[in-house]
Amino acid sequence: MTGQVRTVDGRVAGRRGQATRQKLLDCLSDMLSSSPYRDVKVIDVARKAGTSPATFYQYFPDVEGAVLEIAEEMAKEGASLTDLVAGRSWVGKSGRQAAEELVEGFLSFWRQNDAILRVVDLGAAEGDKRFYKIRMKILNAVTNSLTDSIKELQSKGKVDKDVSAAAMAGSIVAMLAAVAAHQKGFTSWGVKQQELKPNLALLVHLGVTGKKPTK
């Protein structure tokens, strides 16, 4: 965490205060992994952190405010997802590798942040603009770079110019997000993780290049 950390009333938190604040966030993150978001109460977070509700309210206006802090930090980490696409070649065997690494990186990020992403998705679906902006920040990290990749392929005559690069990239990323959020559900269809990834990578490659990957 960088920069000054302030309490709700604007005071700069000292080192001990920052540690307490971070412990509250860590405990809240743990609770979101095992409890429905709506069931998490301030008193329970404070108790788990070994402090009082009054201390919680020094740093956050409510549970939702603390959740947004966690989500913002997660979104900053999500900005690195652009590295999975930016500057990658989608020609020949390189395209197959690019698709596989994008799928692996995207699914991995979703698994690592599953609890907070569920809350972000819920908030966005309910029309909360704060959660919607966080969700779009994560998705844009991939969508914008993927759009550039498709445009580059078009400029080289490798993808039909009638294809809307932005629409294709957005569709691919929306598909990845939906699949990533449903990873556990695939087992009920008899699909194993090792089967999911290569087939998802095939769809990504087809979407970007319009061709099956080179073996």
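- Counting only heavy atoms from C-beta outward, the side chains of V40 and V45 approach each other to under 4.5 Å.
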Take R38 and E126 through the test salt bridge (charged side-chain N to carboxylate O under 4.0 Å, His left out) and record every step on the way to the result. CA-CA 13 Å; R38 306 294 190 200; E126 291 179 342; 2.6 Å; yes

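- Electrostatic pairing of K197 and E104 counts as a salt bridge here, judged by a charged N lying under 4.0 Å from a carboxylate O.
- The shortest side-chain heavy-atom distance between W90 and V159 does not fall under the 4.5 Å cut-off.
- Under a hydrophobic clustering in which Ile, Leu, Val, Met, Phe, Trp and Tyr are joined whenever their side-chain heavy atoms come within less than 4.5 Å, directly or via other members, L146 and L202 fall into different clusters.
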Decide yes or no on ring pair (Phe, Tyr, Trp, His ring centres under 6.0 Å) for W110 and H182, but give the supporting numbers first. CA-CA 10 Å; W110 230 262; H182 192 68; over 10 Å; no

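- Ion pairing between a basic and an acidic side chain is recognised when a charged N comes within 4.0 Å of a carboxylate O; R47 and D44 show such pairing.
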Test log, rule side-chain hydrogen bond (donor to acceptor under 3.5 Å, both in side chains), inputs E101 and Q97: CA-CA 6 Å; E101 291 181 6; Q97 185 177 353; 2.8 Å; yes

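- Counting heavy atoms from C-beta outward, M74 and V120 have side chains that approach closer than 4.5 Å.
- Here K192 does not pair with E195 in a salt bridge; the nearest charged N to carboxylate O distance is not below 4.0 Å.
- Two residues are said to be in side-chain contact when any heavy atoms from C-beta on lie closer than 4.5 Å; F60 and L28 fail this criterion.
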Take K158 and E152 through the salt bridge (charged side-chain N to carboxylate O under 4.0 Å, His left out) test and state the conclusion after the steps. CA-CA 9 Å; K158 295 186 178 298; E152 184 180 351; over 6 Å; no

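- Contact check for T55 versus T20: side-chain heavy atoms found under the 4.5 Å cut-off.
- Taking the side chain as every heavy atom from C-beta outward, E100 and H205 never approach each other to under 4.5 Å.
- Within the 4.5 Å cutoff, the side chain of E77 has heavy atoms near those of the N113 side chain.
- Looking at E64 and K41, no side-chain N of the basic residue comes within less than 4.0 Å of a carboxylate O on the acidic one, giving no salt bridge.
- Under the 4.5 Å side-chain criterion, counting only non-hydrogen atoms from C-beta, F131 is in contact with L68.
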